Amino acid sequence: MNVIPDSSFFICFIDDLEDYLPNTDRIHILTTIASNFTVLVVPAVETESRLKRLPSPVMDQIQLATISIIQSEPLIELLRPLLGKGEYQVISYAHEHLLKGDHTFLVILDDGLARSLVRRSLPKLADHMKGTVGFLGLCVIRKILDKDETIHLITIIGKSNFRVDQATIAA
């Protein structure tokens, strides 16, 4: 399955958890995820998250997406001024997957406005959307990540600088 994350997903592991979880643990989680999913990174996310800071075991597993948004759907173009460049590219790239008939992907979006706009404007895409915490929960359900370790990770995410609703952490 393809996973198309926004910058916040990588920033959570690279920066936000830095003072809470050893680098080896953070890299192990990302490597495990990247070896079980095809992680597609759009150019703006690569730049915004400064992805190249990740060690080669993770980078070797990640695919940099080539996107050519020449003329996007008018509805997505209307969203452009409301979204950051990374969110806009993630949503546009995911929408291209839907248009091609590919329904085996997930989009990881953590920004509340972006999530809300997708739910209202692109409901078919909303069915493929998760936040970072929801995606980690999915990894547990699929037995990719250990349940107890992921509960601990989510608790740490709730204490970190990562912007997540505490109700989401509690769920």
Side-chain angles (χ1 to χ4, degrees), residues 1-69 83-111 114-115 118 125 127-158 160-164 168:
M1 173 182 289
N2 291 330
V3 175
I4 310 164
D6 189 10
S7 306
S8 60
F9 175 77
F10 294 109
I11 291 170
C12 175
F13 285 94
I14 297 170
D15 296 322
D16 295 336
L17 295 176
E18 185 175 33
D19 294 334
Y20 299 90
L21 201 60
N23 190 45
T24 53
D25 292 352
R26 293 180 284 135
I27 298 310
H28 173 71
I29 295 165
L30 286 175
T31 303
T32 301
I33 289 169
S35 63
N36 283 277
F37 295 96
T38 302
V39 180
L40 303 170
V41 179
V42 296
V45 168
E46 179 187 11
T47 302
E48 289 172 1
S49 64
R50 299 184 324 201
L51 198 61
K52 295 199 189 287
R53 296 181 289 160
L54 289 172
S56 60
V58 178
M59 287 302 295
D60 292 345
Q61 302 268 350
I62 293 173
Q63 295 180 22
L64 300 178
T66 305
I67 61 171
S68 56
I69 306 168
L83 300 169
K85 193 171 184 178
E87 285 124 356
Y88 172 76
Q89 285 186 4
V90 165
I91 292 168
S92 297
Y93 190 61
H95 191 259
E96 285 180 26
H97 279 266
L98 281 179
L99 293 177
K100 292 176 184 174
D102 176 7
H103 296 277
T104 58
F105 69 90
L106 286 174
V107 176
I108 302 175
L109 285 174
D110 289 300
D111 181 78
R115 292 174 61 84
V118 167
L125 186 58
D127 294 339
H128 299 272
M129 182 174 60
K130 295 270 185 207
T132 295
V133 171
F135 177 69
L136 293 172
L138 177 70
C139 289
V140 169
I141 291 168
R142 291 187 172 202
K143 302 200 184 303
I144 293 167
L145 296 175
D146 177 75
K147 179 181 176 182
D148 292 333
E149 290 174 2
T150 304
I151 289 171
H152 177 69
L153 172 63
I154 291 171
T155 303
I156 291 171
I157 289 173
S160 73
N161 292 331
F162 188 70
R163 294 178 313 178
V164 63
T168 302

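Remember, it's a predicted structure, so these values are computed and weren't measured experimentally.
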Rounded to the nearest 0.5 Å, how far apart are [atom1] of [X] and [atom2] of [Y]?
X: Ile33; Y: Leu136; atom1: CD1; atom2: CG; value: 5.5 Å
X: Leu17; Y: Ile11; atom1: CG; atom2: CD1; value: 12.0 Å
X: Tyr88; Y: Asp6; atom1: OH; atom2: CG; value: 14.5 Å
X: Tyr20; Y: Ile157; atom1: OH; atom2: CD1; value: 12.0 Å
X: Ile156; Y: Cys12; atom1: CD1; atom2: SG; value: 10.5 Å
X: Gln89; Y: Glu87; atom1: CD; atom2: CD; value: 11.0 Å

Is any side-chain heavy atom of [X] closer than 4.5 Å to a side-chain heavy atom of [Y]?
X: Leu40; Y: Val3; value: no
X: Phe135; Y: Pro5; value: no
X: Phe9; Y: Leu30; value: yes
X: Ile62; Y: Phe10; value: yes
X: Val42; Y: Leu64; value: no
X: Met1; Y: Leu106; value: yes
X: Asp102; Y: Asn2; value: yes
X: Ile4; Y: His97; value: yes

So His128 and Phe105, would you call those rings parallel, tilted or perpendicular, with 30° and 60° as cut-offs?
parallel

Verdict with reasoning, Asp25 to Leu153, per side-chain contact (heavy atoms from CB on, under 4.5 Å): CA-CA 10 Å; Asp25 292 352; Leu153 172 63; over 6 Å; no

Paired with Val90, the side chain to side chain contact (heavy atoms under 4.5 Å, CB included) test is passed by just one of Val118, Val107, Ile108, namely Val107

Can Phe162 and Asp110 be said to form a side-chain contact (heavy atoms from CB on, under 4.5 Å), step by step? CA-CA 10 Å; Phe162 188 70; Asp110 289 300; 3.5 Å; yes

**Message:** Could you check whether atom NE2 of His28 has more than 12 heavy atoms from other residues, nucleotides or ligands sitting under 6.0 Å from it?
**Reply:** no

Give the minimum heavy-atom separation between [X] and [Y], together with the two atoms involved.
X: Ile27; Y: Val58; result: CG2-CG2, 3.7 Å
X: Phe37; Y: Cys139; result: CE1-SG, 3.8 Å
X: Leu21; Y: Arg26; result: O-NE, 2.9 Å

Can you give me every donor-acceptor pair (side chain of residues 140-148, partner residue at least two apart or in another chain, under 3.5 Å) with its distance?
| residue | atom | partner | partner atom | Å |
| --- | --- | --- | --- | --- |
| Asp146 | OD2 | Asp148 | N | 3.2 |
| Asp146 | OD2 | Glu149 | N | 3.0 |

- Query: Would Gln63 and Val41 satisfy side-chain contact (heavy atoms from CB on, under 4.5 Å), going step by step from the backbone distance to the final call?
  - Reply: CA-CA 6 Å; Gln63 295 180 22; Val41 179; over 6 Å; no

What pairs of donor and acceptor atoms, side-chain ones from residues 43-55 against any protein atom, are under 3.5 angstrom apart with sequence neighbours left out?
| residue | atom | partner | partner atom | Å |
| --- | --- | --- | --- | --- |
| Glu46 | OE2 | Lys52 | NZ | 2.9 |
| Thr47 | OG1 | Pro43 | O | 3.2 |
| Glu48 | OE1 | Ser7 | OG | 2.6 |
| Glu48 | OE2 | Gly86 | N | 3.0 |
| Ser49 | OG | Val45 | O | 2.7 |
| Arg53 | NE | Arg50 | O | 3.1 |
| Arg53 | NH1 | Asp15 | OD1 | 2.8 |
| Arg53 | NH2 | Asp15 | OD2 | 3.1 |
| Arg53 | NH2 | Ser49 | O | 2.9 |

Polar contact flag, side-chain donor to acceptor under 3.5 angstrom, Asp16-Ser160: no

